[in-house]
Structure formats: structure tokens, C-alpha cells
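Everything on this sheet refers to the single structure shown next.
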Amino acid sequence: MTNRTIFIPIFACCSLLTGCFGYPRLVSYPFDPGGRSINSLASELNPQTSGRYIVFTSDRRGSQDVYMFDTLTRNLIDLPGLNSLDTIASHPSVSEDGRYVVFAASRQGRSAIFVYDRETRQSRNLTNNLQAEVRNPTISADGSRIAFESTNNGQWDILVYDRFGRPLDIPQDPR
């Protein structure tokens, strides 16, 4: 039996152990007690990130609303027409370019999935014709597809819609 020594240069070992240099990294965002930044005295929930944007829900104005933060400018982005006083918003997701925000909302005990277009400042209920509970939406990077959970017949399933509210035919048995 021979003993063989394997020599691996130190720089190769270090690069294997650290992977992509700089990741993961800690990024610190400002705290503002007045609620004009990403962090405030209120509860910030369900953060999701895509590209330069972070969306989350917060109760900083007395109701659970959707907020968007731009990591480049380090400012909150106005979302006119998105939040309403009689709706509890949750689980937002944002397209990579920040144009489309999808979120779950509950109004008068009924849940729905909405998509908000920042360009037109309009929200559309994607699940208006769906007679089931819905939750946990996510939007594709290009904003064309929305996946979410829906309960029908006592079990939670994943549905995929286009951003206009049309169900997409996803094969049940992909090959």
C-alpha cells in the first residue's frame, strides 16, 4: 500500500470553499420611526425581492398594506390605488422590473389574488370567478405568470394564471 499525498494549491481551496465571492452578504437598510423607509416601528411582514425591489406588508398606517422599497434609491415607492382601508393585504411578490405587484387580499371574509400595474395604477382581481380560498401568490420575473395556492374539494393545489386572469394549462404529469 502506498501513501499518496494530493497537493491542492491554497488559492484553489479558498475559492472552492467561498463559492461566488461576496455572497451571501449583509445589507443594512435605514430605520425611520416616521415610517418612510423599509424599516419602521410597525410590523414588516412577508418580504419578497426581485431585481432592485423589495415588497412587503406592514401595518404602519393602521391597516395591513403592501409597500415597495427601491434598493438603489433606498426609498419607498408610492403605490397609488393599490391599498384600501377595507382590505387586508398579504404575501406580495414583484416582477423583476418592478412594474407588476401581485398580492393576496382579504375583504369581508373572502380571499382573492390581485395584480397591480404600477404604470396604469390599476389593480385587477385575478380570482374573481374562482369559488375557492386562495393564498401565497408569486409572480414570474417578466410579470407574465402568477402562481398561487387554491383550495378546492378540501385540498390545496397550485394554480397558474396569466396576469390578465386567464388560467394556464400546466401539464399534470411533466415528462
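Position 1 is the first residue of the sequence, and the numbers go up from there. Remember, it's a predicted structure, so these values are computed and weren't measured experimentally.
- Scanning for ring-ring contact (aromatic ring centres under 6.0 Å, His included) contacts around Tyr100 gives an empty result, with sequence neighbours left out.
- Considering all non-hydrogen atoms of both residues, Phe69 and Ser37 come closest at CE1-OG, 4.0 Å.
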For a side-chain contact (heavy atoms from CB on, under 4.5 Å) check, start with the C-alpha distance between Thr138 and Val102, then their side-chain angles and the critical distance, and finish with the verdict.
CA-CA 7 Å; Thr138 188; Val102 66; 5.7 Å; no
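- Under the 3.5 Å distance criterion, the side-chain polar atoms of Asn83 are matched with a main-chain donor or acceptor of Val66.
- Judged by distance alone, the side chains of Asp142 and Ser140 do bring a donor and an acceptor atom under 3.5 Å apart.
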Go through it in stages, so that I can follow the logic: the residues are Thr57 and His91, the test is side-chain contact (heavy atoms from CB on, under 4.5 Å), and I'd like the CA-CA distance, side-chain angles, deciding distance and then a yes or no.
CA-CA 7 Å; Thr57 56; His91 297 89; over 6 Å; no
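- Val115 and Leu159 fall within the same hydrophobic cluster, where Ile, Leu, Val, Met, Phe, Trp and Tyr residues are linked whenever their side-chain heavy atoms come under 4.5 Å apart, directly or through other members.
- Closest approach of Ser50 to Ser95, counting heavy atoms only: OG-C, 3.6 Å.
- The distance from the CD1 atom of Ile139 to the CD1 atom of Ile146 is 4.5 Å, given to the nearest 0.5 Å.
- Taking both residues in full, the closest heavy atoms of Ala112 and Thr127 are given as CA-OG1, 3.3 Å, listed atom of the first, atom of the second, then distance.
- Of the inter-residue distances, the one linking Phe56 atom CZ with Leu76 atom CG reads 5.5 Å to the nearest 0.5 angstrom.
- Atom CG in Leu45 sits 7.5 Å away from atom OG in Ser58 (nearest 0.5 Å).
- Residues Phe114 and Thr87 form no side-chain contact, since every pair of their non-hydrogen atoms from C-beta on lies 4.5 Å or further apart.
- What you find for Tyr161 and Pro167 is that their closest heavy atoms are CD1-CA, 3.6 Å.
- Take Arg60 and apply the salt bridge (charged side-chain N to carboxylate O under 4.0 Å, His left out) test, not counting sequence neighbours, and it matches Glu44.
- When every heavy atom of Arg135 is checked against every heavy atom of Phe148, the shortest pair comes out as O-CB, 3.6 Å.
- Annotation: side-chain hydrogen bond (donor to acceptor under 3.5 Å, both in side chains) contacts of Asp162 (sequence neighbours excluded): Arg166.
- Residue Arg110 places its CZ atom among more than 12 non-hydrogen atoms of other residues, nucleotides or ligands, all under 6.0 Å distant.
- Distance check: Arg52 CZ to Met68 CE gives 10.0 Å after rounding to the nearest 0.5 Å.
- Between Arg118 and Ile77, some side-chain heavy-atom pair lies under the 4.5 Å cut-off.
- Within a 6.0 Å sphere centred on CG of Leu79, heavy atoms belonging to other residues, nucleotides or ligands number more than 12.
- Rounding to the nearest 0.5 angstrom, the gap separating the CD1 atom in Ile113 from the CG atom in Asn128 is 12.5 Å.
- More than 12 heavy atoms of other residues, nucleotides or ligands sit less than 6.0 Å from atom CG of Leu168.
- The heavy-atom pair separating Asn46 from Pro92 by the smallest distance is O-CD, 3.9 Å.
- Every pair passing salt bridge (Lys or Arg N to Asp or Glu O under 4.0 Å) that includes a residue from residues 82-109 is listed here, sequence neighbours excluded: Asp86-Arg107, Arg99-Asp117, Arg99-Glu119.
- Looking at Asp59 and Gln64, their side chains never bring a donor and an acceptor atom within 3.5 Å of each other.
- How far CG of Asn75 is from CD1 of Ile38: 11.0 Å, rounded to the nearest 0.5 Å.
- Side chain of Ser111 to main chain of Val134: a donor-acceptor pair is present (N/O by atom type, distance under 3.5 Å, no hydrogens or angles).
- Scored by the ring-ring contact (aromatic ring centres under 6.0 Å, His included) test, Tyr53 finds no partners at all (sequence neighbours excluded).
- Looking at Ser93 and Gln48, their side chains never bring a donor and an acceptor atom within 3.5 Å of each other.
- Not counting sequence neighbours, the partners of Tyr67 by the side-chain hydrogen bond (donor to acceptor under 3.5 Å, both in side chains) test are Arg61.
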